[in-house]
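Worth knowing before you read on, the calculation uses all heavy atoms, side chains too, and leaves out hydrogens, waters and symmetry mates. Positions are given from 1 along the sequence. Just so you know, ligand 1 is whichever comes first in the structure, and atom 1 is the first atom listed for that ligand.
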Amino acid sequence: MYIRDTIAAVSTPPGNGGIGIIRVSGDQAAAVGNTVFTSVSDGGLVSHRFSFGTIRDAATGEMVDEAMAVYMRSPRSYTREDVLELHCHGGWLVVERVLALVLACGVRLADPGEFTRRAFLNGRIDLIQAEAVMDIIASKSEAALQLAQRQREGALSKRIDEVRECLLQALALVEAYIDFPEDDLGQTDEVAIAASVDSAQTMITDLLATFEEGRIVREGISVLIAGKPNAGKSSLLNRLLNENRAIVTHIPGTTRDIIEETISFEGLAIRFLDTAGIRHTNDLVEQEGINRTMEKVPQADLILAVFDGSREFSQEDQMLLDALAECRIIAVVNKSDLPQRLVLPAANRFLATVMVTALSGDGVDSLKQTVCRQFLHISATDSREFISLSRARHRDALVSADVYLSRFCAGLPERNLELLALDLRGALDSVGTVTGQTATDDVLDRIFSSFCIGK
Ligand code: GDP
(Lines give C-alpha, C1' and ligand atoms only; values in the text may rest on other atoms or scores of the structure.)
Protein backbone atom coordinates (compact mmCIF):
# COMPACT_ATOMS: atom_id res chain seq x y z
CA MET A 1 0.00 0.00 0.00
CA TYR A 2 1.20 3.49 -0.79
CA ILE A 3 0.17 6.28 1.58
CA ARG A 4 1.26 9.55 0.06
CA ASP A 5 2.45 11.20 3.24
CA THR A 6 5.79 12.96 3.54
CA ILE A 7 8.69 10.95 4.94
CA ALA A 8 12.15 11.84 6.21
CA ALA A 9 15.31 10.05 7.33
CA VAL A 10 19.02 10.46 7.73
CA SER A 11 20.57 9.10 4.52
CA THR A 12 24.22 9.07 5.57
CA PRO A 13 25.60 6.30 7.79
CA PRO A 14 25.33 6.57 11.57
CA GLY A 15 28.31 8.08 13.39
CA ASN A 16 30.45 11.08 12.65
CA GLY A 17 31.40 12.09 9.12
CA GLY A 18 32.24 15.03 6.92
CA ILE A 19 28.66 15.75 6.04
CA GLY A 20 25.31 14.35 7.10
CA ILE A 21 22.35 14.30 4.77
CA ILE A 22 18.71 14.39 5.82
CA ARG A 23 16.36 13.41 3.03
CA VAL A 24 12.68 14.35 2.84
CA SER A 25 10.22 13.05 0.23
CA GLY A 26 6.58 13.97 -0.35
CA ASP A 27 4.28 16.90 -0.95
CA GLN A 28 5.48 18.78 2.11
CA ALA A 29 9.15 18.70 1.13
CA ALA A 30 9.24 22.33 -0.05
CA ALA A 31 7.29 23.52 3.00
CA VAL A 32 9.72 21.71 5.30
CA GLY A 33 12.62 23.36 3.46
CA ASN A 34 11.10 26.80 3.82
CA THR A 35 10.45 26.22 7.53
CA VAL A 36 13.79 24.87 8.68
CA PHE A 37 16.18 26.35 6.11
CA THR A 38 16.97 29.98 5.36
CA SER A 39 18.95 30.62 2.21
CA VAL A 40 21.53 33.43 2.27
CA SER A 41 20.50 34.41 -1.24
CA ASP A 42 17.11 35.89 -2.10
CA GLY A 43 14.51 33.76 -3.79
CA GLY A 44 14.65 30.72 -1.50
CA LEU A 45 14.79 27.17 -2.83
CA VAL A 46 14.98 26.70 -6.60
CA SER A 47 14.44 23.19 -7.95
CA HIS A 48 17.67 21.28 -8.66
CA ARG A 49 19.90 24.13 -7.41
CA PHE A 50 22.00 23.94 -4.27
CA SER A 51 21.55 26.85 -1.87
CA PHE A 52 23.73 27.79 1.02
CA GLY A 53 22.14 28.95 4.26
CA THR A 54 21.28 28.10 7.83
CA ILE A 55 19.05 25.64 9.60
CA ARG A 56 17.06 27.14 12.41
CA ASP A 57 14.66 25.94 15.03
CA ALA A 58 11.46 27.65 13.89
CA ALA A 59 10.08 27.63 17.45
CA THR A 60 13.02 29.37 19.16
CA GLY A 61 14.87 30.97 16.23
CA GLU A 62 18.07 29.24 17.39
CA MET A 63 20.60 28.51 14.67
CA VAL A 64 21.31 24.76 14.60
CA ASP A 65 23.82 24.54 11.75
CA GLU A 66 24.90 26.04 8.48
CA ALA A 67 23.99 23.83 5.57
CA MET A 68 23.45 23.31 1.88
CA ALA A 69 19.95 22.48 0.73
CA VAL A 70 18.72 21.08 -2.55
CA TYR A 71 15.09 20.78 -3.52
CA MET A 72 14.10 18.49 -6.40
CA ARG A 73 10.61 19.02 -7.69
CA SER A 74 8.57 15.97 -8.76
CA PRO A 75 8.99 14.04 -11.00
CA ARG A 76 12.72 14.69 -11.46
CA SER A 77 13.83 13.13 -8.18
CA TYR A 78 14.88 9.80 -6.71
CA THR A 79 11.34 8.96 -5.59
CA ARG A 80 9.54 10.95 -8.31
CA GLU A 81 7.97 12.90 -5.44
CA ASP A 82 9.14 16.34 -4.28
CA VAL A 83 12.44 15.71 -2.51
CA LEU A 84 14.47 17.91 -0.19
CA GLU A 85 18.01 17.15 0.95
CA LEU A 86 19.66 19.04 3.77
CA HIS A 87 23.44 18.67 3.84
CA CYS A 88 24.72 19.70 7.24
CA HIS A 89 27.85 18.98 9.27
CA GLY A 90 28.25 15.25 9.83
CA GLY A 91 28.22 14.96 13.62
CA TRP A 92 25.58 12.54 14.84
CA LEU A 93 24.11 15.09 17.25
CA VAL A 94 23.76 17.81 14.59
CA VAL A 95 22.19 15.36 12.20
CA GLU A 96 19.76 14.10 14.83
CA ARG A 97 18.76 17.66 15.72
CA VAL A 98 18.12 18.59 12.11
CA LEU A 99 16.07 15.42 11.65
CA ALA A 100 14.08 16.30 14.77
CA LEU A 101 13.31 19.77 13.35
CA VAL A 102 12.17 18.20 10.09
CA LEU A 103 9.94 15.68 11.89
CA ALA A 104 8.51 18.52 13.97
CA CYS A 105 7.08 19.91 10.70
CA GLY A 106 4.66 16.97 10.77
CA VAL A 107 6.44 14.49 8.54
CA ARG A 108 6.95 10.83 9.36
CA LEU A 109 10.22 8.94 9.90
CA ALA A 110 10.78 6.74 6.83
CA ASP A 111 10.84 2.96 7.05
CA PRO A 112 13.93 1.09 5.79
CA GLY A 113 14.13 1.34 2.01
CA GLU A 114 11.02 3.51 1.81
CA PHE A 115 12.53 6.10 -0.55
CA THR A 116 13.48 3.35 -2.99
CA ARG A 117 10.11 1.68 -2.49
CA ARG A 118 8.45 4.92 -3.56
CA ALA A 119 10.74 5.12 -6.60
CA PHE A 120 9.45 1.63 -7.45
CA LEU A 121 5.79 2.38 -6.71
CA ASN A 122 5.98 5.52 -8.83
CA GLY A 123 7.36 3.53 -11.75
CA ARG A 124 10.80 5.14 -11.87
CA ILE A 125 12.52 1.80 -11.38
CA ASP A 126 11.36 -1.81 -11.32
CA LEU A 127 11.99 -4.34 -8.59
CA ILE A 128 15.20 -5.72 -10.12
CA GLN A 129 16.58 -2.18 -10.23
CA ALA A 130 15.51 -1.53 -6.63
CA GLU A 131 17.35 -4.67 -5.54
CA ALA A 132 20.32 -3.58 -7.63
CA VAL A 133 20.47 -0.34 -5.64
CA MET A 134 20.85 -2.43 -2.52
CA ASP A 135 23.46 -4.60 -4.21
CA ILE A 136 25.48 -1.53 -5.21
CA ILE A 137 25.61 -0.46 -1.58
CA ALA A 138 26.54 -3.97 -0.40
CA SER A 139 29.04 -4.81 -3.16
CA LYS A 140 32.28 -6.32 -1.87
CA SER A 141 34.04 -6.80 -5.18
CA GLU A 142 34.49 -5.08 -8.52
CA ALA A 143 32.60 -7.84 -10.29
CA ALA A 144 29.67 -7.60 -7.86
CA LEU A 145 29.54 -3.85 -8.34
CA GLN A 146 29.59 -4.13 -12.13
CA LEU A 147 26.85 -6.73 -12.08
CA ALA A 148 24.73 -4.56 -9.79
CA GLN A 149 25.27 -1.50 -11.98
CA ARG A 150 24.23 -3.42 -15.09
CA GLN A 151 21.07 -4.54 -13.31
CA ARG A 152 20.39 -1.00 -12.10
CA GLU A 153 20.72 0.21 -15.68
CA GLY A 154 18.02 -2.29 -16.65
CA ALA A 155 19.91 -4.99 -18.56
CA LEU A 156 18.18 -7.87 -16.78
CA SER A 157 14.82 -6.04 -16.70
CA LYS A 158 14.96 -5.70 -20.48
CA ARG A 159 15.49 -9.43 -20.92
CA ILE A 160 12.63 -10.21 -18.51
CA ASP A 161 10.39 -7.82 -20.45
CA GLU A 162 11.25 -9.71 -23.64
CA VAL A 163 10.12 -12.94 -21.97
CA ARG A 164 6.88 -11.26 -20.88
CA GLU A 165 6.33 -9.89 -24.36
CA CYS A 166 6.53 -13.39 -25.90
CA LEU A 167 4.12 -14.75 -23.32
CA LEU A 168 1.68 -11.87 -23.82
CA GLN A 169 1.66 -12.50 -27.57
CA ALA A 170 0.88 -16.16 -27.01
CA LEU A 171 -1.81 -15.34 -24.46
CA ALA A 172 -3.45 -12.78 -26.79
CA LEU A 173 -3.79 -15.44 -29.50
CA VAL A 174 -5.16 -18.07 -27.11
CA GLU A 175 -7.64 -15.61 -25.62
CA ALA A 176 -8.83 -14.57 -29.07
CA TYR A 177 -9.98 -18.14 -29.65
CA ILE A 178 -11.61 -18.30 -26.23
CA ASP A 179 -13.61 -15.21 -27.16
CA PHE A 180 -14.71 -16.81 -30.44
CA PRO A 181 -15.39 -20.44 -29.48
CA GLU A 182 -16.93 -21.20 -32.87
CA ASP A 183 -13.44 -20.95 -34.44
CA ASP A 184 -11.02 -23.86 -34.15
CA LEU A 185 -7.43 -23.06 -33.25
CA GLY A 186 -5.88 -22.73 -36.71
CA GLN A 187 -2.63 -24.36 -37.72
CA THR A 188 -0.85 -21.02 -38.33
CA ASP A 189 -1.86 -19.62 -34.97
CA GLU A 190 -0.93 -22.81 -33.17
CA VAL A 191 2.54 -22.61 -34.70
CA ALA A 192 2.81 -18.93 -33.75
CA ILE A 193 1.74 -19.65 -30.16
CA ALA A 194 4.19 -22.52 -29.84
CA ALA A 195 6.99 -20.38 -31.28
CA SER A 196 6.34 -17.53 -28.81
CA VAL A 197 6.27 -19.90 -25.87
CA ASP A 198 9.39 -21.63 -27.12
CA SER A 199 11.26 -18.30 -27.35
CA ALA A 200 10.16 -17.43 -23.82
CA GLN A 201 11.22 -20.80 -22.52
CA THR A 202 14.60 -20.60 -24.23
CA MET A 203 15.27 -17.18 -22.70
CA ILE A 204 14.21 -18.49 -19.28
CA THR A 205 16.48 -21.54 -19.60
CA ASP A 206 19.41 -19.33 -20.66
CA LEU A 207 18.82 -17.00 -17.73
CA LEU A 208 18.55 -19.87 -15.25
CA ALA A 209 21.88 -21.18 -16.50
CA THR A 210 23.51 -17.89 -15.42
CA PHE A 211 22.25 -18.04 -11.86
CA GLU A 212 25.07 -19.94 -10.22
CA GLU A 213 27.68 -17.64 -11.65
CA GLY A 214 25.65 -14.50 -10.96
CA ARG A 215 25.15 -15.59 -7.36
CA ILE A 216 28.86 -16.18 -6.95
CA VAL A 217 29.63 -12.75 -8.39
CA ARG A 218 27.07 -11.06 -6.13
CA GLU A 219 27.74 -12.94 -2.90
CA GLY A 220 31.31 -14.05 -3.40
CA ILE A 221 32.68 -17.57 -3.10
CA SER A 222 32.31 -19.17 0.33
CA VAL A 223 35.35 -21.21 1.16
CA LEU A 224 35.92 -23.51 4.10
CA ILE A 225 39.46 -24.46 5.06
CA ALA A 226 39.66 -27.99 6.47
CA GLY A 227 42.50 -30.30 7.44
CA LYS A 228 44.00 -32.15 10.34
CA PRO A 229 45.76 -30.24 13.13
CA ASN A 230 49.14 -28.82 12.10
CA ALA A 231 48.52 -29.22 8.39
CA GLY A 232 48.92 -25.45 8.20
CA LYS A 233 45.34 -24.16 7.98
CA SER A 234 45.86 -21.02 10.04
CA SER A 235 49.16 -20.27 8.34
CA LEU A 236 47.42 -20.61 4.98
CA LEU A 237 44.53 -18.43 6.05
CA ASN A 238 46.88 -15.76 7.33
CA ARG A 239 48.68 -15.84 4.01
CA LEU A 240 45.45 -15.61 2.09
CA LEU A 241 44.33 -12.64 4.16
CA ASN A 242 47.61 -10.83 4.73
CA GLU A 243 48.97 -11.09 1.23
CA ASN A 244 45.90 -9.39 -0.02
CA ARG A 245 45.85 -5.70 0.70
CA ALA A 246 42.14 -5.48 0.01
CA ILE A 247 40.65 -7.17 3.04
CA VAL A 248 37.12 -6.08 2.60
CA THR A 249 35.44 -7.17 5.76
CA HIS A 250 36.16 -8.56 9.14
CA ILE A 251 32.71 -8.85 10.55
CA PRO A 252 30.88 -11.14 12.90
CA GLY A 253 28.57 -13.24 10.75
CA THR A 254 24.92 -13.94 11.19
CA THR A 255 25.29 -16.63 13.84
CA ARG A 256 27.17 -16.06 17.02
CA ASP A 257 30.23 -18.18 16.50
CA ILE A 258 30.88 -17.56 12.82
CA ILE A 259 33.48 -15.09 11.76
CA GLU A 260 33.68 -14.27 8.09
CA GLU A 261 36.72 -12.77 6.46
CA THR A 262 36.44 -11.61 2.90
CA ILE A 263 39.17 -10.78 0.44
CA SER A 264 38.79 -9.42 -3.04
CA PHE A 265 40.78 -11.27 -5.68
CA GLU A 266 40.68 -10.58 -9.42
CA GLY A 267 37.51 -8.63 -8.86
CA LEU A 268 35.73 -11.44 -7.01
CA ALA A 269 34.98 -11.67 -3.32
CA ILE A 270 36.22 -14.81 -1.56
CA ARG A 271 34.70 -15.38 1.86
CA PHE A 272 36.37 -17.64 4.36
CA LEU A 273 33.86 -19.25 6.66
CA ASP A 274 34.26 -19.73 10.37
CA THR A 275 37.96 -19.33 10.27
CA ALA A 276 38.03 -18.66 13.99
CA GLY A 277 36.43 -21.97 14.89
CA ILE A 278 38.66 -23.99 12.65
CA ARG A 279 41.76 -22.23 13.88
CA HIS A 280 41.19 -23.76 17.28
CA THR A 281 40.72 -27.33 16.20
CA ASN A 282 44.25 -28.07 17.43
CA ASP A 283 42.90 -28.29 20.94
CA LEU A 284 40.12 -30.64 20.09
CA VAL A 285 40.00 -34.35 19.60
CA GLU A 286 40.03 -35.29 15.95
CA GLN A 287 36.42 -36.23 15.57
CA GLU A 288 35.23 -33.07 17.17
CA GLY A 289 37.43 -31.05 14.84
CA ILE A 290 35.82 -32.80 11.92
CA ASN A 291 32.35 -32.30 13.39
CA ARG A 292 32.91 -28.58 13.66
CA THR A 293 34.11 -28.47 10.11
CA MET A 294 31.11 -30.45 8.94
CA GLU A 295 28.69 -27.99 10.54
CA LYS A 296 29.94 -25.31 8.17
CA VAL A 297 29.98 -27.48 5.06
CA PRO A 298 26.43 -26.63 3.90
CA GLN A 299 27.34 -22.95 3.69
CA ALA A 300 30.48 -23.54 1.65
CA ASP A 301 30.73 -23.41 -2.14
CA LEU A 302 34.11 -25.02 -1.92
CA ILE A 303 36.41 -26.78 0.56
CA LEU A 304 40.14 -26.27 0.68
CA ALA A 305 41.41 -29.56 2.14
CA VAL A 306 44.86 -28.81 3.52
CA PHE A 307 47.42 -31.65 3.77
CA ASP A 308 50.89 -31.62 5.26
CA GLY A 309 53.08 -32.54 2.27
CA SER A 310 56.00 -33.44 4.52
CA ARG A 311 54.08 -36.30 6.12
CA GLU A 312 52.56 -39.44 4.82
CA PHE A 313 48.86 -39.55 4.13
CA SER A 314 47.30 -40.51 7.46
CA GLN A 315 44.17 -42.00 8.85
CA GLU A 316 43.10 -38.54 9.97
CA ASP A 317 43.41 -37.27 6.42
CA GLN A 318 41.28 -40.18 5.25
CA MET A 319 38.65 -39.50 7.94
CA LEU A 320 38.36 -35.96 6.75
CA LEU A 321 38.00 -36.95 3.11
CA ASP A 322 35.39 -39.56 4.00
CA ALA A 323 33.44 -36.92 5.88
CA LEU A 324 33.63 -34.57 2.90
CA ALA A 325 32.60 -37.23 0.39
CA GLU A 326 29.89 -35.06 -1.20
CA CYS A 327 31.86 -31.81 -1.38
CA ARG A 328 33.68 -29.87 -4.06
CA ILE A 329 37.28 -29.99 -2.85
CA ILE A 330 40.54 -28.43 -3.89
CA ALA A 331 43.46 -30.35 -2.35
CA VAL A 332 46.07 -27.99 -0.95
CA VAL A 333 49.39 -29.72 -0.34
CA ASN A 334 51.18 -27.47 2.13
CA LYS A 335 54.79 -27.31 3.34
CA SER A 336 56.19 -27.81 -0.15
CA ASP A 337 59.46 -26.32 1.17
CA LEU A 338 60.08 -29.57 3.10
CA PRO A 339 60.98 -32.99 1.66
CA GLN A 340 57.71 -34.40 0.32
CA ARG A 341 56.32 -37.66 1.63
CA LEU A 342 52.62 -37.29 0.92
CA VAL A 343 50.98 -39.44 -1.71
CA LEU A 344 47.38 -38.36 -2.17
CA PRO A 345 45.03 -41.22 -2.96
CA ALA A 346 42.42 -40.78 -5.71
CA ALA A 347 43.73 -37.46 -6.92
CA ASN A 348 40.92 -37.28 -9.48
CA ARG A 349 38.55 -36.95 -6.52
CA PHE A 350 39.66 -33.28 -6.32
CA LEU A 351 38.75 -30.37 -8.58
CA ALA A 352 42.43 -29.49 -8.51
CA THR A 353 45.55 -30.08 -6.47
CA VAL A 354 47.73 -27.10 -5.62
CA MET A 355 51.13 -27.12 -3.91
CA VAL A 356 51.77 -24.23 -1.51
CA THR A 357 54.18 -23.10 1.15
CA ALA A 358 51.97 -21.23 3.56
CA LEU A 359 55.01 -20.01 5.48
CA SER A 360 56.52 -18.13 2.54
CA GLY A 361 53.37 -17.60 0.47
CA ASP A 362 54.63 -19.61 -2.49
CA GLY A 363 51.72 -20.98 -4.53
CA VAL A 364 49.09 -18.95 -2.68
CA ASP A 365 48.25 -16.73 -5.68
CA SER A 366 47.93 -19.77 -7.87
CA LEU A 367 45.59 -21.24 -5.27
CA LYS A 368 43.38 -18.13 -5.37
CA GLN A 369 43.29 -18.28 -9.16
CA THR A 370 42.33 -21.94 -9.03
CA VAL A 371 39.50 -21.11 -6.62
CA CYS A 372 38.12 -18.35 -8.90
CA ARG A 373 38.44 -20.51 -12.00
CA GLN A 374 36.09 -23.11 -10.53
CA PHE A 375 33.26 -20.61 -10.69
CA LEU A 376 33.81 -18.18 -13.52
CA HIS A 377 33.12 -19.82 -16.82
CA ILE A 378 31.45 -17.07 -18.80
CA SER A 379 33.82 -14.59 -17.25
CA ALA A 380 31.22 -12.30 -15.77
CA THR A 381 34.04 -10.11 -14.61
CA ASP A 382 35.14 -9.30 -18.15
CA SER A 383 32.02 -9.11 -20.20
CA ARG A 384 29.97 -5.95 -19.93
CA GLU A 385 27.26 -7.71 -21.93
CA PHE A 386 26.84 -10.54 -19.45
CA ILE A 387 23.28 -10.58 -18.18
CA SER A 388 22.72 -12.86 -15.24
CA LEU A 389 20.36 -13.72 -12.48
CA SER A 390 21.97 -13.20 -9.13
CA ARG A 391 19.20 -13.65 -6.59
CA ALA A 392 17.39 -16.79 -5.51
CA ARG A 393 14.13 -14.78 -5.70
CA HIS A 394 14.59 -14.25 -9.44
CA ARG A 395 15.60 -17.86 -10.01
CA ASP A 396 12.63 -19.25 -8.07
CA ALA A 397 10.21 -17.08 -10.04
CA LEU A 398 11.65 -18.22 -13.37
CA VAL A 399 11.69 -21.87 -12.31
CA SER A 400 8.00 -21.51 -11.46
CA ALA A 401 7.32 -19.87 -14.87
CA ASP A 402 9.17 -22.70 -16.55
CA VAL A 403 6.98 -25.28 -14.83
CA TYR A 404 3.84 -23.52 -16.14
CA LEU A 405 5.29 -23.39 -19.64
CA SER A 406 6.24 -27.05 -19.66
CA ARG A 407 2.67 -27.86 -18.69
CA PHE A 408 1.45 -25.54 -21.41
CA CYS A 409 3.56 -27.34 -24.03
CA ALA A 410 2.40 -30.74 -22.84
CA GLY A 411 -1.23 -29.59 -23.05
CA LEU A 412 -1.03 -27.80 -26.40
CA PRO A 413 -1.97 -30.85 -28.56
CA GLU A 414 -5.20 -31.26 -26.59
CA ARG A 415 -6.18 -27.67 -27.35
CA ASN A 416 -8.05 -27.05 -24.12
CA LEU A 417 -7.85 -23.29 -24.50
CA GLU A 418 -9.01 -22.41 -21.00
CA LEU A 419 -6.30 -24.58 -19.47
CA LEU A 420 -3.68 -23.26 -21.86
CA ALA A 421 -4.58 -19.67 -20.97
CA LEU A 422 -4.38 -20.56 -17.29
CA ASP A 423 -0.84 -21.88 -17.70
CA LEU A 424 0.23 -18.81 -19.66
CA ARG A 425 -1.20 -16.50 -17.02
CA GLY A 426 0.57 -18.49 -14.32
CA ALA A 427 3.84 -18.11 -16.17
CA LEU A 428 3.23 -14.39 -16.70
CA ASP A 429 2.47 -13.91 -13.02
CA SER A 430 5.68 -15.67 -12.04
CA VAL A 431 7.80 -13.67 -14.48
CA GLY A 432 6.04 -10.49 -13.34
CA THR A 433 7.17 -10.95 -9.76
CA VAL A 434 10.78 -10.58 -10.90
CA THR A 435 10.35 -7.03 -12.18
CA GLY A 436 7.55 -6.33 -9.73
CA GLN A 437 4.46 -6.00 -11.98
CA THR A 438 2.78 -8.79 -10.05
CA ALA A 439 4.61 -8.61 -6.73
CA THR A 440 2.39 -8.61 -3.65
CA ASP A 441 2.77 -6.27 -0.67
CA ASP A 442 4.30 -9.16 1.28
CA VAL A 443 7.03 -9.58 -1.31
CA LEU A 444 7.68 -5.83 -1.34
CA ASP A 445 7.81 -5.73 2.48
CA ARG A 446 10.33 -8.53 2.50
CA ILE A 447 12.55 -6.90 -0.09
CA PHE A 448 12.53 -3.35 1.20
CA SER A 449 12.80 -4.20 4.89
CA SER A 450 16.33 -5.41 4.23
CA PHE A 451 17.34 -1.96 2.95
CA CYS A 452 18.97 0.58 5.21
CA ILE A 453 16.99 3.50 6.59
CA GLY A 454 17.35 6.58 4.44
CA LYS A 455 17.76 4.64 1.17
P1 GDP B 1 46.84 -25.72 11.67
O2 GDP B 1 46.79 -26.45 12.95
O3 GDP B 1 46.39 -26.58 10.54
O4 GDP B 1 46.12 -24.41 11.71
O5 GDP B 1 48.40 -25.45 11.37
P6 GDP B 1 49.28 -24.14 11.62
O7 GDP B 1 49.02 -23.12 10.58
O8 GDP B 1 49.16 -23.74 13.03
O9 GDP B 1 50.71 -24.73 11.33
C10 GDP B 1 51.25 -25.82 12.06
C11 GDP B 1 52.76 -25.75 12.02
O12 GDP B 1 53.22 -25.94 10.68
C13 GDP B 1 53.30 -24.41 12.48
O14 GDP B 1 54.47 -24.66 13.25
C15 GDP B 1 53.67 -23.72 11.19
O16 GDP B 1 54.72 -22.82 11.34
C17 GDP B 1 54.06 -24.86 10.31
N18 GDP B 1 53.84 -24.56 8.89
C19 GDP B 1 52.72 -24.09 8.31
N20 GDP B 1 52.90 -23.94 7.00
C21 GDP B 1 54.16 -24.34 6.71
C22 GDP B 1 54.95 -24.40 5.52
O23 GDP B 1 54.52 -24.06 4.40
N24 GDP B 1 56.21 -24.89 5.63
C25 GDP B 1 56.73 -25.26 6.82
N26 GDP B 1 57.98 -25.71 6.84
N27 GDP B 1 56.02 -25.19 7.97
C28 GDP B 1 54.76 -24.75 7.93
Would you say [X] and ligand 1 have an N/O pair spaced under 3.5 Å apart?
X	answer
Ser336	no
Leu338	no
Ala231	yes

If the cut-off is 4.0 Å to any non-hydrogen atom of [X], which atoms of ligand 1 fall inside it?
X	value
Ala358	20 (N), 23 (O)
Lys228	3 (O)
Lys233	1 (P), 2 (O), 3 (O), 4 (O), 5 (O), 7 (O)

Next on the checklist: Less than 6.0 angstrom from the centroid, inside 45 degrees of the normal: does Lys455 satisfy that with respect to the ring of Phe448?
Outcome noted: no
Next on the checklist: Just to be sure I read this right, does ligand 1 sit under 4.0 Å from the backbone of Asp337, its side chain, both, or neither, counting only heavy atoms?
Outcome noted: side chain
Next on the checklist: One residue to check: Val356. Relative to ligand 1, which of side chain, backbone, both or neither has a non-hydrogen atom less than 4.0 Å away?
Outcome noted: neither
Item to check | Among Asp308, Asn238, Asn230, closest by any non-hydrogen atom to atom 11 (C) of ligand 1 | outcome: Asn230
Checklist entry - Which is closest to atom 16 (O) of ligand 1 in terms of heavy atoms, Leu359, Leu236, Val333? => result Leu359
Checklist entry - Which pair of heavy atoms, one from Val197 and one from Phe408, lies closest together, and at what distance? => result CG2-CE2, 3.5 Å
Next on the checklist: Could you tell me if Ser390 and Glu219 have a donor-acceptor pair between their side chains, going purely by distance under 3.5 Å?
Outcome noted: no
Next on the checklist: Pairing donors with acceptors under 3.5 angstrom, does anything connect the side chains of Arg271 and Ser222?
Outcome noted: yes
Enumerate, atom names and distances included, each donor-acceptor pair closer than 3.5 Å involving a side-chain atom of residues 323-336, sequence neighbours excluded.
unit_1 : atom_1 : unit_2 : atom_2 : d
Asn334 : OD1    : Ala358 : N      : 2.9
Asn334 : ND2    : Ala231 : O      : 3.0
Lys335 : NZ     : Asn230 : O      : 2.8
Lys335 : NZ     : Asp308 : OD2    : 3.2
Ser336 : OG     : Val356 : O      : 3.1
Ser336 : OG     : Thr357 : OG1    : 2.6

Item to check | Pairs involving residues 319-361, ordered by first then second residue, that meet ring-ring contact (aromatic ring centres under 6.0 Å, His included) (sequence neighbours left out) | outcome: none
Checklist entry - More than 12 non-hydrogen atoms from neighbouring residues, nucleotides or ligands closer than 6.0 Å to CZ on Arg311, yes or no? => result no
